[in-house]
Amino acid sequence: QNDFTQKTFYPPYFNSYLYSSVGALAGLALGYLTHKAFPTADYIALIAFFSIGLVSGNLAGNKKDKKIEILLMSKIKST
């Protein structure tokens, strides 16, 4: 029998940090492309897309972390 709770270590907020990092990088890339396409926008597009990527990544990561936390808690309660 595979006991998920004893064989797996899951660091807290793992997906929040991971998705925030990826979101920030994607936001920077999109902001850079927007900045190059519309040079009159100055660095506002870069900052705005970075912030949007960071926040959306954090929200998506929190959602996934909560799902995993609920799964782990249900596994612990059932044993």
Side-chain angles (χ1 to χ4, degrees):
Q1 180 179 348
N2 186 8
D3 189 5
F4 184 72
T5 57
Q6 291 181 356
K7 295 181 181 179
T8 303
F9 171 73
Y10 182 74
Y13 308 113
F14 174 75
N15 288 307
S16 297
Y17 293 131
L18 178 67
Y19 285 25
S20 291
S21 302
V22 171
L25 291 175
L28 279 174
L30 191 59
Y32 180 75
L33 292 175
T34 305
H35 171 68
K36 288 298 179 184
F38 305 105
T40 57
D42 203 23
Y43 287 98
I44 299 297
L46 190 66
I47 295 167
F49 280 109
F50 172 77
S51 301
I52 291 169
L54 189 67
V55 170
S56 63
N58 194 354
L59 291 175
N62 270 338
K63 186 176 179 181
K64 188 165 185 178
D65 282 334
K66 289 293 179 191
K67 284 182 183 179
I68 293 173
E69 182 181 351
I70 290 170
L71 175 70
L72 288 175
M73 288 300 173
S74 67
K75 294 281 186 181
I76 290 171
K77 287 181 182 179
S78 67
T79 58

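What you are looking at is a predicted structure, and each value in this text was computed from that prediction instead of being measured.
L25 and I47 are members of different hydrophobic clusters when ILVMFWY side chains are connected at heavy-atom separations under 4.5 Å.
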Do any side-chain atoms of residues 29-40 form donor-acceptor pairs under 3.5 angstrom with protein atoms, and if so which ones, sequence neighbours left out?
residue	atom	partner	partner atom	Å
T34	OG1	L30	O	2.8
H35	ND1	D42	O	2.5

Side-chain donor/acceptor pairs under 3.5 Å, residues 15-22, sequence neighbours excluded:
residue	atom	partner	partner atom	Å
N15	ND2	Y10	OH	3.0
N15	ND2	D65	OD1	3.3
S16	OG	N62	N	3.4
S16	OG	N62	OD1	2.7
S16	OG	D65	OD2	2.8
Y19	OH	K64	NZ	3.4
S20	OG	S16	O	2.7
S20	OG	N58	N	3.4
S21	OG	Y17	O	2.9

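Legend: residues meeting side-chain contact (heavy atoms from CB on, under 4.5 Å) with A24, ordered by chain and number and at least two apart, are F50, L54.
Summarising the hydrophobic clusters (Ile, Leu, Val, Met, Phe, Trp, Tyr; side-chain heavy atoms under 4.5 Å, direct or chained), the residues clustered with V55 are L59.
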